[in-house]
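In what follows, a structure is listed as structure tokens, so that the remarks can point back to it.
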Amino acid sequence: MNRIWNSIVGKLWATILLLVSFVLFIVSVLLLEFLGNFYGNQAENALRQQAVTISKIVDQHEDPTTSIYVIDDLLGEDTSAVIADSQGEVISAFHEEDNGGEIREILLEDKELSRVFLEDSPVVKEMNLPSAEDSDRMETFSILAAPLHEGDELNGAVFVYQSMQAVHDTIRQTTYIVLLSAFIAFVLTTFFAFFLSSRITSPLRKLKEAANSLAEGRYDTEVPTPQHDEIGDLAVAFNKMGKQVKHNLEVIGQEKEQLQNILTSMTDAVISFNRDRSILLTNPPADRLLRKWRDARKDQEGDIPDEITGMLNHVVMYSEEVEDELALDGQYFDITISPLYSGSYIRGAVAVFRDMTEQHRLDKVRTDFLANISHELRTPISMLVGYSEALSDGIVETEEDREEMMKIIRDEAMRMGRLVNDTLDLTRLESGYMRLYKEPVAVRPMVERIASKFVQKAKDADISLHVDSAGAGEAIVELDEDRIEQVMTNLIDNAIRHTPSGGSVEVRSSASDGLLEVAVADTGSGIAEEDLTYVFERFYKADKARTRGKGGTGLGLAIAKNIVESHGGWIRAESSLGEGTTMTFSIPYEEH
């Protein structure tokens, strides 16, 4: 029942029904009022006319018997009359029933009707009198009392009365007809209301189902449009709206996906803040940065450093972009914070954090590189200048001293040349301009060939050189043989130079499970544990292990590291002071 009242059908049906009922009620009231007045006036006019006629008949006929017959014929069947003299005595009565005497007494005793004996004017009144059919029941009668004259004198009155039952029956019949019409109107209204409503609600119900489907994400739903009225136009507009919504959502989804991909692929950390400084959106670098800040600030309130909070407050308060470079928890960041607007209202801010730590490190490395190479070049240049001046000034007296000075000049020039060449090689490797010429190489013959070049040098230094390449077996690895030879030459040369007489150097190689490993172990002075981290940096020399007197440039291990990493491998050092050093490089390869 509630479903009907809550639907358009029920509301439309109730509205039409109330409207029809109201119209019928107004029409019924007006019609009944009109019929009552009409029949009342008609009855009064008829009574008045009959009373006047009776008065004239009585005045004109001297023989009462004759007048009685005329009056009796004049009166209708439902009309009665009583003629009384001036004393109120009944002279004649017409069409009386069994209760005529009782009616006469009521008429003659009524004060309003009795005025007819005193005033020369008729009196009209409606009153209840005993029914002609049932004396125990009262009916409404319309009564007219008209004066009778004898010449100019008032000598009596005639009372003409008629039952209003016919009028009431007519009104009752009219009421019945109105009620029947109301019932018929109710039935027809209900039928046409439901018929009309179904014609309206059926497409609206389909529109509702389509709207629910649209709300659930099924944007391909279409509403049939068989009608060409306003509802049909609404269905067409709804279908157009569904297609437009689908298109707009696809565009928004593509833009969101594109923005998400951009944010995800960015190396810079991006954080979007709400106006209350809460975080709305982050990308993966920002997530890592936030985790690091949280771990570093466990004992402090908030996840964001105070410096960032201050910049956010400035952006929100003054509506301007802020850019600064800050050092946070050991890292350097170039930070840009811009306000986000919703109309003219600032709803938050977006911050971009560019990690400048590596840039700062590279700047420091560049500065140190310039300082180191200047320092390394200054010594041989000074010696070249000093000894060449000594030779040109003739200070040297013997040929033996001259030869010694010339040898020193030649060694320092060669040392300076090696330094320049190593610097150029390292620069090419780090900049990516040095090309590797890879080709399949048998590992075991290569290792034995390279090690054999240092056999004589090891004998001269009274050092035992051993080669163990059995682990390489028949492995063939794709690599740049010249560059790997440069790496092994550097490692073996360093091992021989830093091993005292009577020591030993061992070169081991192995290849298995797709990994080539070459190790050069010596029994030299070793490297302090705190220096192991820095041995592969440019120009780094441990105080005891590497001295300028042994001819090193400080770039050999840095070059070796870059060559190995260019092959996709890695290099490591293991050493203890007084126990020797082991340098190992590993290169992955595909087994065939």
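- Rounded to the nearest 0.5 Å, atoms CD1 (I587) and CG (L479) are 6.0 Å apart.
- With respect to the salt-bridge test (charged N to carboxylate O, under 4.0 angstrom), the residues R497 and D493 qualify.
- The minimum heavy-atom distance between P339 and S319, with the atom names listed, is CG-C, 4.3 Å.
- A 4.5 Å side-chain heavy-atom check between T581 and M583 finds at least one atom pair inside the cut-off.
- Taking a cutoff of 4.0 Å between a charged side-chain nitrogen and a carboxylate oxygen, D268 and R354 qualify as a salt bridge.
- Using the six-membered ring where Trp is involved, H360 and Y332 have ring planes that are parallel, under 30° apart on the 30 and 60° scheme.
- One finds the CD atom of Q254 at 13.5 Å from the CG atom of L259 (value rounded to the nearest 0.5 Å).
- Looking only at side-chain heavy atoms (C-beta outward), I337 and V350 stay at 4.5 Å or farther from each other.
- For the pair V507/L465, a side-chain contact is recorded, criterion being any heavy-atom separation below 4.5 Å from C-beta on.
- The shortest non-hydrogen separation linking G524 to P500 is CA-CD, 3.8 Å.
- Each of I346, L340, V322 was checked for a side chain to side chain contact (heavy atoms under 4.5 Å, CB included) with V315, and the lone residue meeting it is V322.
- Nearest heavy atom pair, residue G526 against residue L577, reads O-CD2, 3.9 Å.
- Residue M317 holds its CE atom at 11.5 Å from CG of L312, rounded to the nearest 0.5 Å.
- With a 6.0 Å radius and a threshold of 12 heavy atoms from other residues, nucleotides or ligands, K243 has its NZ atom at or below the threshold.
- Looking at E321 and S338, their side chains do bring a donor and an acceptor atom within 3.5 Å of each other.
- Partners of E403 by salt bridge (Lys or Arg N to Asp or Glu O under 4.0 Å), not counting sequence neighbours: none found.
- A side-chain donor-acceptor contact under 3.5 Å links N248 and Q244.
- Among all heavy-atom pairs drawn from E517 and S586, the shortest one is CG-OG, 3.2 Å.
- In the model, D460 has a side-chain atom that pairs as donor or acceptor with a side-chain atom of Q456 under 3.5 Å.
- Looking at heavy atoms from C-beta onward, D324 lies in side-chain contact with M311 at the 4.5 angstrom threshold.
- Residues passing the side-chain contact (heavy atoms from CB on, under 4.5 Å) test with S576 are E579, sequence neighbours excluded.
- Going from atom OG of S504 over to atom CD1 of I463 covers 9.0 Å, rounded to the nearest 0.5 Å.
- We find that E485 and R483 are not joined by a salt bridge, their nearest charged nitrogen and carboxylate oxygen being 4.0 Å or further apart.
- Here S509 contributes atom OG and M446 contributes atom CE; the two are 8.0 Å apart, rounded to the nearest 0.5 Å.
- Listed by chain and number, the residues in a side-chain contact (heavy atoms from CB on, under 4.5 Å) with P588 are L515, W570 (sequence neighbours excluded).
- Contact check for I563 versus Q486: side-chain heavy atoms found under the 4.5 Å cut-off.
- In terms of heavy-atom proximity, V467 sits nearest to E448 at CG1-CG, 4.2 Å.
- How far NZ of K459 is from CD1 of I496: 12.5 Å, rounded to the nearest 0.5 Å.
- A donor and an acceptor atom, one from each side chain of N283 and T264, are nowhere located under 3.5 Å apart.
- T282 places a side-chain heavy atom less than 4.5 Å from the side chain of D287.
- Residues F333 and D355 share a closest heavy-atom pair of CD2-CA, 3.9 Å.
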